[in-house]
Amino acid sequence: MTVRVRIAPSPTGDPHVGTAYIALVNYCFARKHGGQFILRIEDTDQSRCSESSKQAIFDSLKWLGLSYDEGPDVGGDRGPYVQSERVAAGIYQGHVDRLIAQGDAYRCFCTTERLAALREEQKAAKATFFGYDRHCRDLDPAESQRRADAGETFVVRMKAPLEGEFAYQDRLRKNPFTKQWAEIDDQVLLKSDGWPTYHLAAVVDDHEMGISHVIRAEEWLNSLPKHVWLNEKLGFTAPEYVHVGLLRNPDGSKISKRKNPTNILWYKQRGFVPAALCNFLATLGHSHPDELEKFDLDELIRIFDLDRLNVAGPVFDMQKLEHLQGLYFRELDDDAMVGEIHRCIDERIHDLLPLLRERMVYGGDLTHAASFFYTDHVSHSVADLVPKGWDAAQTKKALEGLRSVLNKAAKKGDLSWDSSWLETTIRGFGEAKEYKPKQLFMPLRVVASGRRESPPLFDTIALVGRLAFMQRLEDAILALR
RNA sequence: GCUCCCAUCGUCUAGAGGCCUAGGACACCAGAUUUUCAUUCUGGCGACACGGGUUCAAAUCCCGUUGGGAGUACCA
């Protein structure tokens with residue numbers, strides 16, 4: 001059998017390190033078995049997808065060196081490789097019609113209001129089953145057709161079995177995965193806007209693209225029955241499904257940008273060597289048979305064994321990544337290292353220059369003037385942090401107050417983190433607490449830059465970025481204890 | 001809540017019933033090298049979640065408990 005595997009990320013937001021992890025596994029599996037590795041873009045949720053994040057997926061995979069044999073920007077004869085284009089080509093509609101004709105799917109005319117009310121009801125009644133109550137399941141087909149023709153809006157749902165047990169042996173797990181059909185609700189396959197949901201689109205596309213193995217994250221395990229069922233009803237030979245453990249934050253939860261940098265491009269901007277990131281990811285859930293810790297992609301492909309993959313979700317340990325990164329970086333020859341340094345500076349220098357230029361006398365001044373933009377480690381001395389007229393305790397209290405204001409804004413999604421937003425927010429905070437701007441701003445300047453002199457405060461904080469600034473705020477509060 | 005998945009040092013992992021007094025790596029601690037720092041080297045600390053079985057023998061197989069995670073959308 002020809003091995004054909006794929007990754008199918010959604011272009012919503014920043015390219016994710018979890019995608020890189022799954023990509024690496026699929027890539028190695030394909031290369032190991034002389035098969036193909038394919039990129040498909042899943043953008044059926046139009047409201048959340050963007051062109052720029054689609055481009056960022058291409059860029060980040062390219063940067064990592066995980067080249068795909070078929071994909072939107074490289075072509076292939078099983079395209080198109082973007083689902084919105086496949087929708088436009090009418091690829092899914094026929095399959096939906098067939099399911100309805102077979103009696104394996106049905107139109108559901110329930111309103112979102114009714115569905116919401118139903119959910120509330122189930123919650124209030126502390127029901128053990130949450131999900132659609134199959135209100136439209138047994139609608140007369142002719143009646144259903146008539147209402148559709150009359151222009152009523154509807155979704156199409158799968159007619160899931162009402163009883164029996166689903167079982168599937170995932171090759172990475174000891175026991176078969178089992179689930180009672182009674183616990184699986186009638187999943188929407190076609191949304192009211194006529195677009196397929198993930199479940200339908202993925203199953204159809206995997207089939208049409210000749211995918212042999214679907215190696216994906218564990219979060220999909222619970223919807224596996226639906227996918228296997230769809231394959232069956234559509235008359236497809238299902239690919240083999242394999243579920244890999246989810247990357248975790250240090251606290252054990254599913255990896256998230258709040259607690260860890262998850263943006264692949266962040267690592268690039270930061271100056272990570274892609275080989276180091278790949279090497280690190282290859283040690284998560286997988287290990288070199290000779291206990292080697294440092295090895296390149298070719299070596300990884302040589303020793304890669306899907307069956308030896310660990311299914312427990314590994315914690316993404318930044319310290320270990322940095323250790324490997326150090327090894328790779330120091331290995332670079334002079335020219336390569338200079339290139340890397342240039343690249344890291346160039347990525348942000350155009351944003352920084354407007355702030356720095358007034359303060360510069362020589363080109364060499366950059367190394368001093370901009371150093372705090374390029375590091376994660378800013379030193380906060382108590383002497384610098386505490387402004388005239390305040391003591392350490394007072395400064396700490398003010399910083400903690402601001403921290404809570406910024407965290408609350410982030411929680412509500414109410415922040416843009418640009419200069420003017422920061423000015424409004426921080427000034428507002430200062431006024432509410434009746435702090436003198438002078439006294440409040442000095443500690444913040446030191447928090448952001450590690451120095452008492454810096455470019456304009458709010459621009460500086462904006463450019464340092466939320467993630468880094470909040471970390472520095474944390475460090476400063478710690479220093480004041 | 002319900003369902004599913006998972007469980008070896010703080011973290012990543014080795015371990016396929018006797019090679020286990022549980023091995024390696026990161027982190028941490030100590031020492032050596034280094035005019036400092038970093039690198040490098042040496043050493044140290046440190047785990048089979050708990051309770052029952054099965055077996056001559058259990059980290060490894062079975063059951064239960066506990067703990068963690070995921071899913072529960074007209075998101076993927």
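So that the names make sense, note that chain A is the first sequence line, chain B the second, and so on, each numbered from 1. All values reported here derive from a predicted model rather than from experimental measurement.
- To the nearest whole angstrom, the two P atoms, one in B:rA76 and one in B:rA59, are 47 Å apart.
- Using a 4.0 Å heavy-atom cutoff across all strands shown, A:Trp220 reaches at least one base atom of the nucleic acid.
- Nucleotides B:rU8 and B:rA47 are separated by 6 Å at their C1' atoms, to the nearest Å.
- Residue A:Glu293 is classed as a base contact, given a heavy-atom separation below 4.0 Å to a base.
- Using a 4.0 Å heavy-atom distance criterion, A:Gly245 is classed as making no nucleic acid contact.
- The residue A:Arg216 sits apart from the nucleic acid: no heavy atom pair falls under 4.0 Å.
- Residue A:Glu291 is classed as a base contact, given a heavy-atom separation below 4.0 Å to a base.
- Rounded to a whole angstrom, the distance from the P atom of B:rC75 to that of B:rC48 is 47 Å.
- Nucleotides B:rA14 and B:rC19 have their C1' atoms positioned 14 Å apart, rounded to a whole Å.
- Within the shown strands, B:rU72 is the pairing partner of B:rG1 under the Watson-Crick or G-U definition, both distances less than 3.5 Å.
- Contact annotation for A:Asn310: backbone-only contact, meaning every heavy-atom pair under 4.0 Å involves sugar-phosphate atoms and none involves a base.
- The partner of B:rC26, taking Watson-Crick or G-U wobble pairs whose two distances both stay under 3.5 Å, is B:rG10.
- B:rG71 and B:rC26 have their P atoms separated by 33 Å, with the value rounded to a whole Å.
- A salt bridge links A:Asp133 to A:Arg114: at least one charged side-chain nitrogen sits closer than 4.0 Å to a carboxylate oxygen.
- Using a 30° and 60° split on the angle between ring planes, A:His199 and A:His227 fall in the tilted class, from 30° to 60°.
- Within 4.0 Å (heavy atoms only), A:Gly252 reaches sugar-phosphate atoms of the nucleic acid but no base atom.
- Toward the 5' end of RNA chain B, the nearer of the two residues A:Gly131 and A:Thr44, judged by each one's closest nucleotide, is A:Gly131.
- For residues 277-299 of chain A, the pairs satisfying ring-ring contact (aromatic ring centres under 6.0 Å, His included) are A:Phe280-A:Phe316, A:His286-A:Phe304, A:His288-A:Phe295, with sequence neighbours left out.
- When heavy atoms are screened at a 4.0 angstrom cut-off, A:Leu327 is found touching the sugar-phosphate backbone but no base atom.
- Here A:Phe316 lies out of heavy-atom contact (under 4.0 Å) with every strand.
- Comparing A:Pro289 and A:Glu183 by the nucleotide of RNA chain B that holds the closest heavy atom to each, the one mapping nearer the 5' end is A:Glu183.
- In this structure, A:Lys226 reaches neither bases nor backbone, as no heavy-atom distance under 4.0 Å exists between it and the strands shown.
- Among the atoms of the strands shown, none is found under 4.0 Å from any heavy atom of A:Ser47.
- When all heavy atoms are compared, the tightest approach of A:Phe166 to A:Pro225 is CD2-CG, 3.6 Å.
- Base pairing of B:rA59: no nucleotide in any strand meets the Watson-Crick or G-U wobble criterion (both distances under 3.5 Å).
- A salt bridge between A:Asp170 and A:Arg173 is present, with a side-chain N of the basic residue lying under 4.0 Å from a carboxylate O of the acidic one.
- Under a 4.0 Å N-O distance rule, the pair A:Glu219/A:Lys254 qualifies as a salt bridge.
- Under the 4.0 Å criterion applied to side-chain N and carboxylate O atoms, A:Lys123 and A:Glu121 are not assigned as salt-bridge partners.
- Nucleotide B:rU65 forms a Watson-Crick or G-U wobble pair with B:rA49, both donor-acceptor distances falling under 3.5 Å.
- Counting any heavy atom pair closer than 4.0 Å across all strands shown, A:Thr283 reaches sugar-phosphate atoms only and no base atom.
- Interface limits on RNA chain B: the 5'-most and 3'-most nucleotides within less than 4.0 Å of chain A heavy atoms are B:rG1 to B:rA76.
- On the C1' atoms, B:rG15 is 9 Å away from B:rC20, given to the nearest whole Å.
- Cation-pi check for A:Arg6 over A:Phe37 is not met; the charged atom does not lie both under 6.0 angstrom from the ring centroid and within 45 degrees of its normal.
- Rounded to whole Å, the P atom of B:rC62 lies 24 Å from the corresponding atom of B:rG69.
- B:rU54 and B:rC61 have their C1' atoms separated by 8 Å, given to the nearest Å.
- Here the shortest heavy-atom pairing between A:Tyr27 and A:Ile301 reads CE2-CD1, 3.9 Å.
- At the heavy-atom level, A:Val155 lies under 4.0 Å from base atoms of the strands shown.
- Backbone-only contact: A:Thr178 has heavy atoms under 4.0 Å from sugar-phosphate atoms and none from a base.
- Pair check for B:rC20 finds none; no Watson-Crick or G-U wobble contact set falls under 3.5 Å.
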